[in-house]
Amino acid sequence: MSTSTQHQFRYTQTPSKVLHLRNLPWECTDDELVELCRPFGKIVNTKCNVGANRNQAFVEFADLNQAISMVSYYASSSEPAQVRGKTVYIQYSNRHEIVNNKSPGDVPGNVLLVTIEGVEAGDVSIDVIHLVFSAFGFVHKIATFEKTAGFQALIQYTDAETAAAARNALDGRSIPRYLLPEHVGSCHLRISYSAHRDLNIKFQSNRSRDYTNPMLPVNHTAIDGALQSVVGPDGKKIEPESNVLLASIENMQYAVTVDVLHTVFSAFGTVQKIAIFEKNGQTQALIQYPDITTAATAKEALEGHCIYDGGYCKLHLTYSRHTDLNVKAFSDKSRDYTVPQVPAVSWQNPQAGPMYPGTAPALQGQVPGGQMLSWDPSQQAATQSYVSAPGTYPSQPYAAPPNPVYAAAAAPASSTITQSNSIVHNASSMGITQPGVSLNVNLQPTGGSPPVPGSSPLMQASPIAGASPPGHQPYFT
DNA sequence: AGCACA
């Protein structure tokens, strides 16, 4: 069959502008290829780290004669071609041009395309982005936008070198947690190059900046709200109303869980999202309603009230500057009731270290207008087994409430969450049967409905019924 | 040391 009639010698190839190099060190860079080949002519393209061992490469000369000169030089040279001390074998490639598999994002340039994973546009201010990327050189312009890929930013530097330095340092890293809103979990940066060379920024706004042009008109409507806090006549900060409430919980003698908060705040309308976190040793929570009116009603009704009788777990409510929380749909510290509730299992990446330990403290003070809450990532780690039976909360530091008025109403079926439970919320069921919490008051379950006087547990004299701390489920009593 | 992810 194969008459092995070698109509061409295996090692003899027709000349090509493209040279095939092998036996390269696997660390070889394009720069080293250029260094090696440049003496023979103009290199128009390279491709290194080719092959399973990443030890082959291609170099394309502008002119065929240049390639020929290199091959013939080393064919008769006593000194072999070398890269990092390794002898490099050179021959004509059997192709005549290098096909760049380089995706556009790999072509270096002075503008970076940054995807900030795991956050929404409102979570990372343009000032934080500016802060982070200024560590590598003067940032000329920033434009942010939301695409299907998520929240993205174009960062324009003076040159490709600076951009490359920033990319190398930051790609895959995370923005330091203290620069982020308290509810943000992990937040990884994916950085590629943009094809842009010069961004066209029309306004200074909360979405785009041109740091080279202070005269640029300011889009106030866009910049307000995001950055400026209103100051009242007495000099006190007036917090603009928001659909998201920030709750500080004083005298937290008993556990205040997501479920407890959901029960309490659902009395005034649909609770969309909840995030619990610690700030300065105090427990705080963000509660998101669909609208400001509902939030205002809840704030009015609940401010200064206690979740449990006896002055325990007293709520202090303010408006958050957030409008849409970005929270893990199901964890022990956060809940998103707008998505189907399935216990999260696969979050193996709970924390990323700070990016620049050395510069971090200096950066902290520069964040504009931020409630910079410290946030212990370990508290945020996803809890996959969420079984509310007595004794299954090893870190539960709280004692049972003194006045278990909720005990009578709990039913086993609704008082346990297991991993196998599929907990699906939709608009109509939201807030009615919250697993882990037994309800015995007629809360107004769904959004939009005005609070019925007396329907809020906190407006009654008794502690909040239905807010049974996990681990103290009454069906065992 | 031998031709490029499909």
Side-chain angles (χ1 to χ4, degrees), chain A residues 1-109 111-115 117 147-150 152 160 163-164 167-168 170-173 188-195 346 348-349:
Chain A
M1 305 299 181
S2 73
T3 57
S4 73
T5 54
Q6 293 171 321
H7 40 76
Q8 68 167 28
F9 283 116
R10 203 177 160 204
Y11 300 136
T12 308
Q13 261 130 356
T14 59
S16 163
K17 297 198 307 267
V18 181
L19 300 183
H20 177 226
L21 320 199
R22 54 203 153 78
N23 200 37
L24 290 158
W26 70 272
E27 309 95 318
C28 180
T29 65
D30 287 292
D31 286 343
E32 288 171 304
L33 292 180
V34 171
E35 190 185 337
L36 175 69
C37 304
R38 188 173 43 200
F40 302 94
K42 181 176 183 199
I43 292 129
V44 297
N45 209 346
T46 60
K47 190 181 179 84
C48 67
N49 309 125
V50 165
N53 298 326
R54 298 168 59 83
N55 56 3
Q56 301 174 49
F58 298 90
V59 175
E60 181 177 340
F61 283 98
D63 188 81
L64 177 62
N65 291 326
Q66 298 167 347
I68 292 173
S69 76
M70 182 167 184
V71 169
S72 45
Y73 173 84
Y74 283 112
S76 59
S77 168
S78 54
E79 292 288 310
Q82 287 187 325
V83 170
R84 300 192 188 202
K86 281 192 81 177
T87 296
V88 177
Y89 302 90
I90 302 171
Q91 54 192 159
Y92 300 114
S93 171
N94 50 28
R95 300 204 206 170
H96 288 84
E97 66 179 317
I98 290 179
V99 300
N100 269 61
N101 284 338
K102 269 182 186 165
S103 57
D106 294 331
V107 180
V111 179
L112 295 178
L113 172 61
V114 179
T115 303
E117 299 175 338
K147 279 279 183 64
T148 47
Q152 295 188 305
R167 188 182 109 113
N168 291 338
L170 297 181
D171 191 19
R173 310 298 295 276
H188 289 256
L189 301 175
R190 278 283 102 82
I191 304 179
S192 60
Y193 293 104
S194 164
S346 62
Q348 289 111 333
N349 199 4

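Residue numbers begin at 1 in each chain, while the letters A, B, ... track the order of the sequences.
A heavy atom lying under 4.0 Å from DNA chain B marks the following residues of residues 36-61 of chain A, by number: A:Lys47, A:Val50, A:Gln56, A:Phe58. Of all the residues in residues 67-80 of chain A, not one reaches under 4.0 Å from DNA chain B with any non-hydrogen atom. Of the residues in residues 92-100 of chain A, those with a non-hydrogen atom less than 4.0 angstrom from any atom of DNA chain B are A:Tyr92, A:Ser93, A:Asn94, A:Arg95, A:Glu97, A:Ile98, A:Val99.
Remark: A:Ser16 engages A:Val18, A:Tyr92, A:His96 in a side-chain contact (heavy atoms from CB on, under 4.5 Å) (not counting sequence neighbours). Evaluation of the side-chain contact (heavy atoms from CB on, under 4.5 Å) rule for A:Ala81 yields A:Leu36, A:Tyr74, A:Val88, A:Ile90 as partners, not counting sequence neighbours. For A:Val107, there are no side-chain contact (heavy atoms from CB on, under 4.5 Å) partners, not counting sequence neighbours. Checked against side chain to side chain donor-acceptor pair (under 3.5 Å), A:Asn100 has the following partners two or more places apart in sequence or in another chain: A:Asn45. The side chain to side chain donor-acceptor pair (under 3.5 Å) search around A:Asn55 returns none, not counting sequence neighbours. Residues satisfying the side chain to side chain donor-acceptor pair (under 3.5 Å) test with A:Thr87, not counting sequence neighbours, are none. In this view, A:Tyr193 and A:Pro108, A:Leu112, A:Ala163, A:Ala164, A:Arg167 satisfy the side-chain contact (heavy atoms from CB on, under 4.5 Å) rule, not counting sequence neighbours.
Put simply, OH on A:Tyr89 is 17 Å from C1' on B:dC3, counting in whole angstrom units. Rounded to an integer number of Å, the gap from CG of A:Leu24 to P of B:dA4 is 15 Å.
Annotation: side chain to side chain donor-acceptor pair (under 3.5 Å) contacts involving residues 25-37 of chain A, sequence neighbours excluded, comprise A:Thr29-A:Glu32, A:Asp30-A:Thr46, A:Glu32-A:Arg84.
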Could you pull out every donor-acceptor pair under 3.5 Å between side chains of residues 59-68 of chain A and any protein atom, sequence neighbours left out?
| residue | atom | partner | partner atom | Å |
| --- | --- | --- | --- | --- |
| A:Glu60 | OE1 | A:Ile98 | N | 2.8 |
| A:Asp63 | OD2 | A:Asn65 | N | 2.8 |
| A:Asp63 | OD2 | A:Asn65 | ND2 | 3.4 |
| A:Gln66 | OE1 | A:Lys42 | N | 3.1 |
| A:Gln66 | OE1 | A:Ala62 | N | 3.4 |
| A:Gln66 | OE1 | A:Asp63 | N | 3.2 |

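Residue A:Thr115 forms a side chain to side chain donor-acceptor pair (under 3.5 Å) with just one option from A:Gln152, A:His188, A:Arg190, and that option is A:Gln152.
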